[in-house]
Amino acid sequence: MASSPEKVIESFVAAANAGDIEGILALYESGARLAFPGQPAVGLDAIRGALGNLLTQKPTMTGRTVSVSQVGDLALLRSEWSFTGTDQTGARVDMSGESVELVRRQPDGTWRYIIDLPMGKE
């Protein structure tokens with residue numbers, strides 16, 4: 001769980017590197033939207049499918065929060081990340097990008113994604 005907006009990407013990266021889909025899903029609100037360009041996933045079941053496919057590539061990820069703009073219980077984040085894995089054919093996969101995320105503070109004080117745009121756009 002992320003104790004501050006800045007910790008959301010760190011928590012995501014740690015869970016992805018551990019292959020922990022449940023840990024990743026715990027970072028999203030139940031009705032959250034994850035939107036790779038042209039492939040939006042809304043709700044935890046759809047997000048599980050989208051990110052579960054990425055985890056089959058046994059990723060090594062890095063990530064850091066570049067900026068946080070917070071007002072009350074909402075924060076707009078911009079992060080940089082990189083992903084290295086292996087696809088179904090055994091070919092190496094290298095990706096990187098700048099993401100934009102909207103996160104909300106939960107009643108227990110943790111932060112979860114409402115909107116996650118891994119490539120910074122839909």
Side-chain angles (χ1 to χ4, degrees):
M1 299 306 267
S3 59
S4 69
E6 297 85 355
K7 298 287 186 187
V8 176
I9 188 71
E10 291 175 27
S11 299
F12 184 100
V13 166
N17 286 337
D20 180 7
I21 189 66
E22 297 305 322
I24 292 173
L25 291 174
L27 295 168
Y28 289 85
E29 289 191 0
S30 62
R33 179 182 182 92
L34 167 69
F36 291 106
Q39 300 174 355
V42 178
L44 294 179
D45 288 340
I47 292 170
R48 176 188 303 276
L51 294 178
N53 290 337
L54 285 179
L55 291 184
T56 64
Q57 297 179 14
K58 308 279 190 232
T60 299
M61 286 191 74
T62 63
R64 72 181 187 93
T65 302
V66 175
S67 67
V68 177
S69 181
Q70 182 178 344
V71 60
D73 291 337
L74 295 174
L76 183 64
L77 311 175
R78 190 170 60 84
S79 304
E80 296 175 338
W81 57 269
S82 66
F83 174 104
T84 302
T86 305
D87 72 12
Q88 296 171 334
T89 68
R92 182 180 168 106
V93 176
D94 289 305
M95 296 186 288
S96 62
E98 289 189 7
S99 58
V100 175
E101 304 100 357
L102 181 63
V103 296
R104 180 175 14 220
R105 185 183 355 241
Q106 305 300 300
D108 66 0
T110 60
W111 291 80
R112 291 186 181 178
Y113 291 111
I114 301 169
I115 300 172
D116 182 4
L117 304 175
M119 303 308 281
K121 61 183 177 181
E122 284 196 56

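Predicted model, so just to flag it, every value in this text is computed and none were measured.
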Engineer: To the nearest 0.5 Å, what is the distance between OH on Y28 and CG on L51?
Structural biologist: 5.0 Å
Engineer: Is a donor on one side and an acceptor on the other found under 3.5 Å between the side chain of W81 and the backbone of V13?
Structural biologist: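 Checked: no pair found.
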Engineer: Nearest 0.5 Å, please: how far is CZ in F36 from CE in M95?
Structural biologist: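 One finds 7.0 Å between CE of M95 and CZ of F36.
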Engineer: Testing the basics here: between A16 and P59, what is the closest heavy-atom pair and its distance to 0.1 Å?
Structural biologist: O-CG, 3.8 Å
Engineer: Please check if atom CG in D20 has more than 12 non-hydrogen atoms from other residues, nucleotides or ligands closer than 6.0 Å.
Structural biologist: yes
Engineer: Can you name the nearest heavy-atom pair linking A15 to G23, along with the distance?
Structural biologist: CB-C, 3.9 Å
Engineer: Please find the pair of heavy atoms, one from L77 and one from P5, that lie closest to each other, and give the distance.
Structural biologist: CD1-O, 3.5 Å
Engineer: So, for P118 and A35, which heavy atoms are closest and what is the spacing to 0.1 Å?
Structural biologist: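 Heavy atoms only, the tightest pair is CD-O, 3.4 Å.
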Engineer: Is there a path from L25 to F83 through hydrophobic residues (I, L, V, M, F, W, Y) whose side chains come within less than 4.5 Å of each other?
Structural biologist: yes
Engineer: Say you draw a straight line from CD of Q39 to CE of M119; how long is it, rounded to the nearest 0.5 Å?
Structural biologist: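 The distance works out to 11.0 Å.
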Engineer: Following the transitive rule for hydrophobic clusters with a side-chain heavy-atom cut-off under 4.5 Å over Ile, Leu, Val, Met, Phe, Trp and Tyr, establish whether I24 and M1 coincide in one cluster.
Structural biologist: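 In one cluster: no.
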Engineer: Please round to the nearest 0.5 Å and tell me the distance separating atom CD of E29 and atom CG of L102.
Structural biologist: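 These two atoms lie 8.5 Å from each other.
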Engineer: What about I47 and I21, same hydrophobic cluster or not, with Ile/Leu/Val/Met/Phe/Trp/Tyr joined at side-chain heavy-atom distances under 4.5 Å?
Structural biologist: yes
Engineer: Can you name the salt bridge (Lys or Arg N to Asp or Glu O under 4.0 Å) partners of R112, sequence neighbours left out?
Structural biologist: none
Engineer: Let me check something: do L44 and W111 share a hydrophobic cluster, defined by ILVMFWY side-chain heavy atoms less than 4.5 Å apart, either directly or through other members?
Structural biologist: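 Same hydrophobic cluster.
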Engineer: Kindly say whether M61 contributes a backbone atom to a donor-acceptor pair with the side chain of N17 at under 3.5 angstrom?
Structural biologist: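 Yes; judged by distance alone, with no hydrogens or angles, the pair exists.
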Engineer: In chain order, what residues pass the side chain to side chain contact (heavy atoms under 4.5 Å, CB included) check against D87, with sequence neighbours excluded?
Structural biologist: T89, A91, V93
Engineer: Any idea which heavy atoms bring S79 and I9 closest together, and the distance?
Structural biologist: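 Closest approach of S79 to I9: OG-CB, 4.0 Å.
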Engineer: Given the rule that I, L, V, M, F, W and Y join up when any side-chain heavy atoms are under 4.5 Å apart, are L27 and I114 in one cluster?
Structural biologist: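 Cluster IDs for L27 and I114 differ.
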Engineer: Would you please name every residue forming a salt bridge (Lys or Arg N to Asp or Glu O under 4.0 Å) with D94, sequence neighbours left out?
Structural biologist: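 Salt bridge (Lys or Arg N to Asp or Glu O under 4.0 Å) list for D94, sorted by chain: R92.
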Engineer: Quick check against the 3.5 Å criterion: does E6 have a side-chain atom that pairs as donor or acceptor with the backbone of V8?
Structural biologist: no
Engineer: In Å and rounded to the nearest 0.5 Å, what is the CG to CD distance from L76 to Q70?
Structural biologist: 11.0 Å
Engineer: Within the structure provided, determine whether T86 and Q57 are in side-chain contact (heavy-atom separation under 4.5 Å).
Structural biologist: no
Engineer: So which of S69, S99, S67 actually passes side chain to side chain contact (heavy atoms under 4.5 Å, CB included) with R78?
Structural biologist: S67
Engineer: How long is the gap from CD on E98 to CG on L117, to the nearest 0.5 Å?
Structural biologist: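 If I round to the nearest 0.5 Å, the distance is 13.0 Å.
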Engineer: For K7, is there any backbone N or O sitting under 3.5 Å from a side-chain donor or acceptor partner on S11?
Structural biologist: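 Yes; judged by distance alone, with no hydrogens or angles, the pair exists.
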Engineer: What I want to check is whether the side chains of S82 and T62 have a donor and an acceptor closer together than 3.5 Å.
Structural biologist: yes
